[in-house]
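Take a look at the structure set out below.
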Amino acid sequence: EDQVTQSPEALRLQEGESSSLNCSYTVSGLRGLFWYRQDPGKGPEFLFTLYSAGEEKEKERLKATLTKKESFLHITAPKPEDSATYLCAVRSGGSYIPTFGRGTSLIVHP
Amino acid sequence: DGGITQSPKYLFRKEGQNVTLSCEQNLNHDAMYWYRQDPGQGLRLIYYSQIVNDFQKGDIAEGYSVSREKKESFPLTVTSAQKNPTAFYLCASSGDYANTGELFFGEGSRLTVL
């Protein structure tokens, strides 16, 4: 059974204070690790897909990396508008359906 | 603009009533999904459909029903058999689920049982 664990559950940062969110996973044959952003009361918005260890993707202040056991979402010099819940999901070789973690709630104070 | 439309955004239900949540997409996607989200929990899969006239149970299908008569529509009915239906419901679709797995989500429907 695929498992996804995200940490920390919540993170408070000052504007400009860089940090990382973690997504640890256990799957049988990774067929994709996904990061989503979710604003309060809204549906998740797709950010990145990573397929193999060593892969990196960037979008503005966000950078996602992948190893064989975990993924990191690095946030460089965050702004208050980066405040959201960040969800991680994995898809294994046995299923087309992603399994989601519980998310990390990020608050960036001005 | 292409996207997924869920309605209503807010819904109140009395105990013992069935309610239906609408999900329409104009992305021409084959696969559609329904998830439930509770505070502090991840997204839990209720039902999914990979093609018209076919759908499969997810992890928490009890007390829910769906239909997929048209490619663009995937309504979810929350029946009176669902004992704890108060939650945020999310509909999603995927255009190339076999290869990419990227999901596109609607804005969600919040159901409250009175």
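Side chains included, hydrogens not; waters and symmetry mates left out as well; all remaining heavy atoms used. Numbered from 1 within each chain, the chains take letters A, B, ... in sequence-line order.
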query: What do you reckon, is CD of Glu62(B) surrounded by more than 12 foreign heavy atoms closer than 6.0 Å?
result: no
query: Should Phe46(A) and Leu103(B) count as side-chain neighbours, where that means a heavy-atom distance under 4.5 Å?
result: no
Residue pair Phe105(B), Tyr36(A): steps toward the ring-ring contact (aromatic ring centres under 6.0 Å, His included) verdict: CA-CA 10 Å; Phe105(B) 286 88; Tyr36(A) 292 85; 5.7 Å; yes
field: Proximal component of Gln37(B), with respect to chain A [non-hydrogen, under 4.5 Å]
entry: side chain
field: Hydrophobic cluster membership, Val4(A) vs Leu11(A), 4.5 Å side-chain cutoff
entry: yes
Hydrophobic cluster identity match, Phe55(B) and Tyr64(B), side-chain contacts under 4.5 Å: yes
message: With a 4.5 Å cut-off on side-chain heavy-atom distances among I, L, V, M, F, W and Y, is there a chain of contacts connecting Ile46(B) to Met32(B)?
response: yes
- prompt: What distance do Glu107(B) atom CD and Lys42(A) atom NZ have between them, rounded to the nearest 0.5 Å?
  reply: 4.5 Å
query: If you group Ile, Leu, Val, Met, Phe, Trp and Tyr by side-chain heavy-atom gaps below 4.5 Å, do Ile75(A) and Leu66(A) land in one group?
result: yes
field: Contact leader toward chain B among Ala89(A), Gly103(A), Pro98(A), where contacts are heavy-atom pairs under 4.5 Å
entry: Pro98(A)
query: Contact part of Leu43(B) toward chain A, heavy-atom cut-off under 4.5 Å: side chain, backbone, both or neither?
result: both
- prompt: Going through the checks in order, is the side-chain contact (heavy atoms from CB on, under 4.5 Å) test met by Ile97(A) and Tyr33(B)?
  reply: CA-CA 9 Å; Ile97(A) 312 300; Tyr33(B) 311 80; 3.5 Å; yes
query: Do Leu47(A) and Leu87(A) share a hydrophobic cluster, counting only Ile, Leu, Val, Met, Phe, Trp and Tyr and linking them when any side-chain heavy atoms are less than 4.5 Å apart?
result: no
- request: Side chain from CB out, backbone as N, CA, C, O: work out which of these in Phe104(B) comes under 4.5 Å of a heavy atom of chain A, or both, or neither.
  value: neither
